[in-house]
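Values reported hereafter were calculated over all heavy atoms of this structure, with side chains retained and with hydrogens, waters and symmetry mates removed. Note that ligands are numbered from 1 as they come in the structure, with each ligand's atoms numbered from 1 the same way. Throughout, numbering of the chain's residues begins at 1 and tracks the sequence. Please read these numbers as outputs of a predicted model, since none were measured by experiment.
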Amino acid sequence: MYPAAFDYYAPKHIKEVLGLLGKLKDDAKVLAGGHSLIPMMKLRLAQPKHLVDLRKVSGLSGIKLNGKAFAIGAMTTHWEIESSATVKSKLPVLAEVASVIGDPAVRNKGTLGGSLAHADPAADWPAAMIALDAEIVCEGPKGKRKVAADQWFLGLMATALQDKEILVQVRVPLPAAGSGAAYMKFPHPASRFAVVGVCAAVTLDKQGTCVKASVAVTGAGTKAVRAKGVEAALVGKKLEAAAIEAAAQKAAEGVDVQADLQGSVEYKAHLCRVFAKRAITEAVKRAGA
Ligand SMILES: Cc1cc2nc3c(=O)[nH]c(=O)nc-3n(C[C@H](O)[C@H](O)[C@H](O)COP(=O)(O)OP(=O)(O)OC[C@H]3O[C@@H](n4cnc5c(N)ncnc54)[C@H](O)[C@@H]3O)c2cc1C
């Protein structure tokens, strides 16, 4: 399988990238790790006339801890996040999510920005970024702007990224004291994509009452979504098994659950509830309850 012919560009600065995107109009696509775009090009599901490679662009990679938030460059690979000692010590759920993406080859090449821009409905990062209240930073001809992760995913492989913009950074706030987070998924046995994945983050006060809950689901529908019913059912409660079970029952509410080759609507809704329960239970344990 060969892709259709295209011209290749390897700019070194973001301004050059934005200049190229402005000049090349609608026929250009940026290339990050290539682990979603290149297969699509080989299948001729995408036929860009111009490929603007981001790999040599300075300032798009790396993980920085700026005060109370991580700033992760769009071109940072899944492996860099999985293996970062700072991530593991300050926000281990990020390393946990990265570690269950695909296989080592995918994790070595695939990027955080590429995953969020591509918005595959079965990708892992979308649920994590929504549950962790991340902000996505884009840069375009009018400068930079930030979009909350729960406003980013608009539909099947559709995001809030605007024309001629690129995703440059993801900001993930550090959780308050008394917090715990976990990501649990039912992986497709071949690709490891999430048939259903749930990320849960909870904050407990000193008496063990939940003061904040943030839960998101990926895989089940056309886009990752916040499980608002679950969140509302957790806040104000002591998160013992019965309370978690009752909240997890709401995990498929508000998700446009789709039947596909992996399972029926009923089966995938069931997985939402099962993996919500597991993720919340683990998050509560990690919060120190
Ligand atoms: C065998 C296999 C298994 C996989 N398993 C999983 C899995 O279990 N879980 C999972 O989450 N993912 C999985 N993936 C997907 C993988 O994580 C990809 O790396 C990811 O989806 C896309 O990232 P990329 O850097 O490769 O982007 P690319 O393929 O280079 O680009 C993808 C799309 O995003 C756009 N884009 C890329 N970067 C930017 C940017 N900075 N700004 C604007 N647009 C941008 C491109 O133009 C393109 O349209 C798998 C992939 C393969 C091939």
Side-chain angles (χ1 to χ4, degrees), residues 1 3 6 8-9 11 14 17-18 20-21 24 26-43 45-57 59-61 72-82 94 96-130 136-140 144-145 147 152-153 156-170 183-197 199 216 218-219 223-224 262:
M1 287 184 293
F6 57 87
Y8 174 81
Y9 305 80
I14 292 179
V17 175
L18 299 180
L20 281 165
L21 293 181
L24 300 170
D26 299 332
D27 294 333
K29 268 210 164 286
V30 295
L31 175 69
H35 268 57
S36 294
L37 183 55
I38 300 293
M40 287 182 73
M41 288 171 65
K42 288 185 167 184
L43 293 167
L45 294 170
Q47 300 193 29
K49 293 206 175 86
H50 307 279
L51 263 197
V52 180
D53 194 340
L54 297 182
R55 283 176 302 173
K56 293 195 172 134
V57 178
L60 283 183
S61 273
I72 308 178
M75 288 297 287
T76 308
T77 64
H78 309 316
W79 163 246
E80 286 169 315
I81 299 170
E82 177 185 0
L94 286 180
E96 175 175 64
V97 175
S99 74
V100 295
I101 293 176
D103 53 39
V106 173
R107 298 199 289 276
N108 270 296
K109 283 285 177 198
T111 65
L112 175 61
S115 176
L116 296 174
H118 191 60
D120 190 299
D124 296 297
W125 283 124
M129 291 306 164
I130 293 172
I136 294 168
V137 185
C138 307
E139 187 163 348
K144 287 190 184 169
R145 69 187 181 102
V147 182
W152 178 255
F153 304 99
L156 186 67
M157 293 170 137
T159 69
L161 190 75
Q162 289 175 358
D163 205 22
K164 316 300 176 212
E165 275 185 339
I166 62 165
L167 194 164
V168 291
Q169 195 182 71
V170 181
Y183 179 66
M184 300 274 167
K185 73 168 169 178
F186 186 71
H188 184 280
S191 70
R192 319 307 288 169
F193 270 107
V195 176
V196 165
C199 190
T218 191
K223 60 173 186 167
Q262 272 68 259

Proximal atoms of ligand 1 relative to Lys185 (non-hydrogen, under 4.0 Å) | 8 (O)
The closest protein heavy-atom partner of atom 5 (N) of ligand 1 is Ser191 O, 3.1 Å
Any donor-acceptor N/O pair, Thr218 side chain to Pro121 backbone, under 3.5 Å | yes
Would you call Arg192-Asp103 a salt bridge at under 4.0 Å N-O?
-> no
Does any N or O atom in Ala122 lie less than 3.5 angstrom from one in ligand 1, N or O only?
-> no
Any N or O of Asp103 that comes nearer than 3.5 Å to an N or O of ligand 1?
-> no
Side chain to side chain, Leu31 and Ile38, heavy atoms closer than 4.5 Å = yes
At what distance is the nearest protein heavy atom to atom 21 (O) of ligand 1, and which residue and atom is it?
-> Ser36 OG, 2.8 Å
Would you give the length of the straight line joining atom CZ of Phe6 to atom NE2 of His50, rounded to the nearest 0.5 angstrom?
-> 11.5 Å
Give a yes or no on whether a salt bridge exists between Arg145 and Glu165, defined as a side-chain N under 4.0 angstrom from a carboxylate O.
-> yes
In ligand 1, which numbered atoms sit nearer than 4.0 Å to a non-hydrogen atom of Lys29?
-> 49 (O)
Geometric N/O contact Gly102 with ligand 1, under 3.5 angstrom | yes
Which atoms of ligand 1 are found less than 4.0 Å from any heavy atom of Gly33?
-> 24 (P), 25 (O), 26 (O), 27 (O), 30 (O)
Nearest non-hydrogen atom to atom 41 (N) of ligand 1 belongs to which of Leu167, Asn108, Val168?
-> Leu167
Under 4.0 Å, heavy atoms only, figure out whether ligand 1 is touched by the backbone of Leu54, its side chain, both or neither.
-> side chain
Are any of the heavy atoms in Asp120 under 4.0 Å away from ligand 1?
-> no
Judging by distance only, is a nitrogen or oxygen of Gly34 under 3.5 angstrom from one on ligand 1?
-> yes
Side-chain H-bond candidate by donor/acceptor type, Thr77 with Glu80, under 3.5 Å = yes
Flag, side chain of Gln262 to backbone of His188, donor-acceptor distance under 3.5 Å = no
Closest to atom 15 (C) of ligand 1 among protein heavy atoms sits Phe193 CZ, 3.5 Å
Should the proximity of His78 to ligand 1, defined as any heavy atom under 4.0 Å, be assigned to the side chain, the backbone, both, or neither?
-> side chain
At under 4.0 Å between heavy atoms, what of Arg55 touches ligand 1? The answer is neither
Contacts of His35 meeting ring pair (Phe, Tyr, Trp, His ring centres under 6.0 Å) (sequence neighbours excluded), chain-then-number -> none
Is there a donor-acceptor pair closer than 3.5 Å between any side-chain N or O of Ser115 and the backbone N or O of Leu112?
-> no
In the protein, what heavy atom is nearest to atom 33 (C) of ligand 1, and what distance, to one decimal place, separates them?
-> His118 ND1, 3.6 Å
Closest approach of any protein heavy atom to atom 31 (O) of ligand 1, naming residue and atom = Leu37 CB, 3.8 Å
Ignoring angles and geometry beyond distance, decide whether Lys109 reaches within less than 3.5 Å of ligand 1 through its nitrogen or oxygen atoms.
-> no
Trp79 side chain vs Pro104 backbone, donor-acceptor pair below 3.5 Å = no
Does an N or O from Glu165, backbone or side chain, lie closer than 3.5 Å to an N or O of ligand 1?
-> no
Verify the distance criterion only: is there a donor paired with an acceptor across the side chains of Tyr9 and Asp53 at less than 3.5 Å?
-> no
By number and element, which atoms of ligand 1 are closer than 4.0 Å to a non-hydrogen atom of Leu161?
-> 43 (C)
Quick one: look up the protein heavy atom nearest atom 53 (C) of ligand 1 and list residue, atom name and how far away it is.
-> His35 O, 3.3 Å
Ligand 1 and Ala32, any nitrogen or oxygen pair closer than 3.5 angstrom?
-> yes
heavy-atom search around atom 19 (O) of ligand 1 in the protein gives Gly110 CA, 3.0 Å
Here the atoms of ligand 1 under 4.0 Å from any heavy atom belonging to Ile166 are 42 (N), 43 (C)
Considering only non-hydrogen protein atoms, determine which one is nearest to atom 39 (C) of ligand 1 and report residue, atom name and distance to 0.1 Å.
-> Val30 CG2, 3.7 Å
Under 4.0 Å, heavy atoms only, figure out whether ligand 1 is touched by the backbone of Val106, its side chain, both or neither.
-> side chain
